[in-house]
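Quick notes on the structure that follows.
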Protein chains: 2
Amino acid sequence: MTELTEILQRQLALKLLKNGFHPEQVVTSAAALSCYGYDATRQQTEPMLALLPENEEQVKTILKIAGEKSLKIFPRGAGSGMSGGSIPTDDGIIISLTRMKQILEIDEENMIATVEPGVITGELQEEVSRCGLFYPPDPASLAFSTIGGNVTENAGGPRAVKYGVTGNFVMGLEAYLVNGEKIKCGNKCIKSVSGYDLTSLLVGSEGTLAIITKILLKLLPAPETVKTSLLAFASMSAAARAVNAMLKHQINPSTIEFLDHHSINAVRSALPFTLPEAADTVLLVEIDGPDALVKAQSEKLSRLFQDEALVLIEAKDENEREQLWLARRKLSPAIANIAPHKINEDIAVPLAAIPEVISRLEKLSQEIDLPIVCFGHAGDGNIHVNVMLDKNDPAQAIRGHKAIDEIFAITLELGGTLSGEHGIGNTKSAYFSKEWTPATIATMKAIKKAFDPGNRLNPGKIFPA
Amino acid sequence: MTELTEILQRQLALKLLKNGFHPEQVVTSAAALSCYGYDATRQQTEPMLALLPENEEQVKTILKIAGEKSLKIFPRGAGSGMSGGSIPTDDGIIISLTRMKQILEIDEENMIATVEPGVITGELQEEVSRCGLFYPPDPASLAFSTIGGNVTENAGGPRAVKYGVTGNFVMGLEAYLVNGEKIKCGNKCIKSVSGYDLTSLLVGSEGTLAIITKILLKLLPAPETVKTSLLAFASMSAAARAVNAMLKHQINPSTIEFLDHHSINAVRSALPFTLPEAADTVLLVEIDGPDALVKAQSEKLSRLFQDEALVLIEAKDENEREQLWLARRKLSPAIANIAPHKINEDIAVPLAAIPEVISRLEKLSQEIDLPIVCFGHAGDGNIHVNVMLDKNDPAQAIRGHKAIDEIFAITLELGGTLSGEHGIGNTKSAYFSKEWTPATIATMKAIKKAFDPGNRLNPGKIFPA
């Protein structure tokens, strides 16, 4: 921190304390600040000042004070983002929304929860389940990530196949513009076509348009039953055909996860059951809903794939279900045994392109002589691609980064997108103009400018520098 | 038309013919132009010039020529809109997209249709059903309205209860900005979080942001079975409780339409079955999906309401299904017998507020001494409110318009919205600022300005003058 920054930090801290902030809400020590400069991409910055507002009035106060000095603002939740969306790219004020964590209302009649952005996603799920209700979005980080972070990054998760992503559950928002004014969008109505859909615009905007302070979330009745099956196939294309066949045959799983052969090999020994050597691709299929439906669809699933699947295990109870999920859960730690480091991207492609993308990644892996491990959400085309390498080996590092260029090129060529659920942040912004035309990017930038003329709100994200 | 307008009309027509437009695509006669100055609100204007481009290059040419003279542009589809969205509010060029009506692709593997905006919604539904696929949105106008119109107004329909509205099926768009540049947004990926969600922003923007020239629509596998039931209840609150009970008990109908007692009385004599005098509210419930699910849920429906429902008729075949729908279909012509004119609004409220809104409209009806007929989509809170009157009676006309003010006030007070599926257009823009705060409207206007700095694209819509 420069001397000037330190003076600014002291001035601002003093001003906020005078404005009613508690010392705990004003973070100035370098050690404590380091907790507000990272995210799950392992970027680490040294923030200047982090503030922890406890209510929307305090958010407004921060924006007002930041405005007076034209300071940049970096909003963040739990810092579990996978694309750098919450990384402070410059000096400025970090607004951590983790203390605004009240579930304000669970409206059982309308099946809508109203929450503050700092609510932990998993805690909301537990809370609504006590009322027999269900909040489906299930990003892997749900035990610690916040709803606010989920909304601004439009987080996905395995259950997106049937239920959609976070954005599909956001009915309305309250948010503060950088100038300190509050906007409200959406409502508790299922149908609503009054003016522009600001709600959808703010969802996935990665904190670049406004600071969200209140969120209305659609809930569903909790499904009566969940049935989990594991199917193994001899090839990725056989597995992909199976996914297509399920959807065509009106089987509507909540989850269709896949593991490629690298992933299978990585977890095989840890599994409580035996997978044959010939198993090239595993599908983990979960069907939920009313009893009658789940029963009928599970039977159909068995019938459809009894010949083609090498293995078809159906969980009989919660314990067996947990065992089937083990393969998927042990994956991230297990692949660490393949190489010390990984570069992981969460590309998404149209469903039908999955076999082609996997086969081209296979070829790429041979070309660059690095393992590429793929797993993820076969039911929605969202693939987690992991290039395994030793970053300390300069040759490998170069090949690894070349691989990422290639992975995005293949993805876009097949009609895919840079990110299925992690967002662009600052880690993928260099590739953004490969996906979108100059006119499209100019339009997005014009919207950004309409919201934030001074580019003070989470600058350095989404758009190429 | 003034002399100046006529000169301009001739100049523009000449220029377009020189630029390759066929005379049929350039409408200049007053008689022919009258077909481009109306919509379903019965507004009728006298347009200056209507152009019927056949491809996106021609759309671009029109925008370029309009730009040179800073002319206003009014896009339209079939003119079936219910809020004046396509009404030319001023001199300018009408772009009718009805000739851009190609279904460009039905991608069966990815279950996505790519269409031009002029495709008739019903025709698309028929076409995809030949491949065993299903495009659920079903606005009442589907036999003649266009997909482009449905998208720009974000049209709903009875099946929105289960499937959502048009916007829930739009995966991507191509559109021309007023400056003639093309933007592309969305793609064929189920999950995609790369940059701002321009697709959702354009959906429901009522032609004020861009001219949509290509639309990617999500399709579903056609449901195996559809089962229709008619239930009659002794009161609106009993019917509303029934709707809530269905949803809570995991019955997930595709459609829950309701008819109030005025509506029932209007159609009673035309029905092929007898409805008891005590029937105050009728629900028309449709359950679709896999056979096993439909069977189980229909049985549950009968079990749940066998005591409380005065009548519970379940259609045994397609013929009986048609008969049950008769009540709903005959409604619009039938209520015309109550009074020569009607003012109809399509408010939406949170589900739980339906009984309250109906009871307050009842009271209002007594106060203004005019019948208020309500029917619509009980499953999603979208109510078609019809104030019945004789407009030629000045006292009734005044009371009728006062009623509309009251209807919106009640709706907004109960957390509702001005429009569930018709949009704001120019008929409801005067009420817009009652729903949204000044900061919210200013934000929407800033977006409008970012897209269309000269306010030349469909001006006079959505925003209060």
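Since this is a predicted model, take the numbers as computed values, not measurements.
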Note to self: I'd like to verify something: which residue of A:P438, A:A296, A:G423, A:A160 has the highest number of heavy-atom pairs under 4.5 Å with chain B?
What the structure shows: A:G423
Checklist line | Interchain contact, A:K182 with chain B, by part (heavy-atom threshold 4.5 Å) | finding: backbone
Next item on the list: Output the option from A:I441, A:L202, A:T417, A:T199 having the highest count of non-hydrogen pairs under 4.5 Å with chain B.
Entry: A:T417
Notebook entry, point to check: Of the backbone (N, CA, C, O) and the side chain (C-beta and beyond), which part of B:E421 lies under 4.5 Å from a heavy atom of chain A, both, or neither?
Noted result: both
Notebook entry, point to check: For B:A155, is it the side chain, the backbone, both or neither that has a heavy atom under 4.5 Å from a heavy atom of chain A?
Noted result: neither
Next item on the list: Select, from A:G164, A:G132, A:A222, the one with the greatest count of heavy-atom pairs under 4.5 Å involving chain B.
Entry: A:A222
Check: chain B heavy atoms under 4.5 Å from A:N244: which part of the residue, side chain, backbone, both or neither?
Finding: side chain
Notebook entry, point to check: So what's closer than 4.5 Å to chain B heavy atoms on A:A175: side chain, backbone, both or neither?
Noted result: neither
Notebook entry, point to check: With a 4.5 angstrom heavy-atom cut-off, which part of A:S192 approaches chain B: side chain, backbone, both or neither?
Noted result: both
Notebook entry, point to check: Of the backbone (N, CA, C, O) and the side chain (C-beta and beyond), which part of B:P223 lies under 4.5 Å from a heavy atom of chain A, both, or neither?
Noted result: backbone
Notebook entry, point to check: Which residue out of B:L418, B:I251, B:L201, B:D291 racks up the most heavy-atom pairs below 4.5 Å with chain A?
Noted result: B:L201
Item checked: Main-chain N/O of B:V203 paired to A:D197 side chain as donor or acceptor, under 3.5 Å -> no
Note to self: For A:H377, which atoms come within 4.5 Å of any heavy atom of chain B: side chain, backbone, both, or neither?
What the structure shows: side chain
Note to self: With chain B as the partner, which of A:S200, A:A292, A:A353 has the greatest number of non-hydrogen pairs under 4.5 Å?
What the structure shows: A:S200
Next item on the list: Determine, step by step, whether B:E109 and A:L351 satisfy the side-chain contact (heavy atoms from CB on, under 4.5 Å) criterion, reporting the C-alpha distance in whole Å, the side-chain angles of both residues, the deciding distance to 0.1 Å, and the verdict.
Entry: CA-CA 8 Å; B:E109 269 194 299; A:L351 266 195; over 6 Å; no
Next item on the list: Hey, could you give me the NZ/CG distance between A:K248 and B:L133, rounded to the nearest 0.5 Å?
Entry: 6.0 Å
Notebook entry, point to check: Does any heavy atom of chain A fall under 4.5 Å from the side chain of B:N382, the backbone, both, or neither of them?
Noted result: side chain
Note to self: Does any backbone or side-chain atom of A:M111 lie under 4.5 Å from a heavy atom of chain B? Answer side chain, backbone, both or neither.
What the structure shows: side chain
Checklist line | Region of A:E435 that comes under 4.5 Å of a non-hydrogen atom in chain B | finding: side chain
Check: Checking side-chain hydrogen bond (donor to acceptor under 3.5 Å, both in side chains) against B:Y196, which of A:T443, A:T440, A:T208 comes through?
Finding: A:T208
Note to self: Surrounding NZ of B:K300 (heavy atoms of other residues, nucleotides or ligands, distance under 6.0 Å), is the total greater than 12?
What the structure shows: yes
Next item on the list: Output yes when a side-chain donor or acceptor of B:K191 lies under 3.5 Å from a complementary backbone atom of A:G157, and no otherwise.
Entry: yes
Next item on the list: Considering non-hydrogen atoms only, spot the tightest contact between A:C189 and B:A348 and give its length.
Entry: SG-O, 3.5 Å
Item checked: Contact leader toward chain B among A:E224, A:H422, A:E181, where contacts are heavy-atom pairs under 4.5 Å -> A:E224
Next item on the list: Flag the one option from B:N179, B:V161, B:L209, B:N168 with the top tally of heavy-atom pairs under 4.5 Å to chain A.
Entry: B:L209
Checklist line | Pick from A:G289, A:G195, A:G415 with the largest number of heavy-atom pairs that fall under 4.5 Å of chain B | finding: A:G195
Next item on the list: Select, from B:G204, B:A446, B:P221, the one with the greatest count of heavy-atom pairs under 4.5 Å involving chain A.
Entry: B:P221
Margin query: Pair A:V193, B:V165 - check side-chain contact (heavy atoms from CB on, under 4.5 Å), show working.
Written below: CA-CA 10 Å; A:V193 288; B:V165 294; 5.9 Å; no
Check: Only one of B:N110, B:I190, B:I112 clears side chain to side chain contact (heavy atoms under 4.5 Å, CB included) with A:P350; which?
Finding: B:N110
Notebook entry, point to check: Counting N and O atoms only, with roles assigned by atom type, does the side chain of A:S419 sit under 3.5 Å from a partner on the main chain of B:S194, one being a donor and the other an acceptor?
Noted result: no
Check: Given that the side chain runs from C-beta out, which part of B:Q297 has a heavy atom under 4.5 Å from chain A: side chain, backbone, both or neither?
Finding: side chain
Note to self: Which atoms of A:I424 are under 4.5 Å from chain B, going by heavy atoms: the side chain, the backbone, both sets, or neither?
What the structure shows: both
Check: Which bit of B:L247 is near chain A, if near means a heavy-atom gap under 4.5 Å: side chain, backbone, both or neither?
Finding: both
Notebook entry, point to check: So, A:N187 side chain and B:G416 main chain: donor-acceptor pair closer than 3.5 Å or not?
Noted result: no
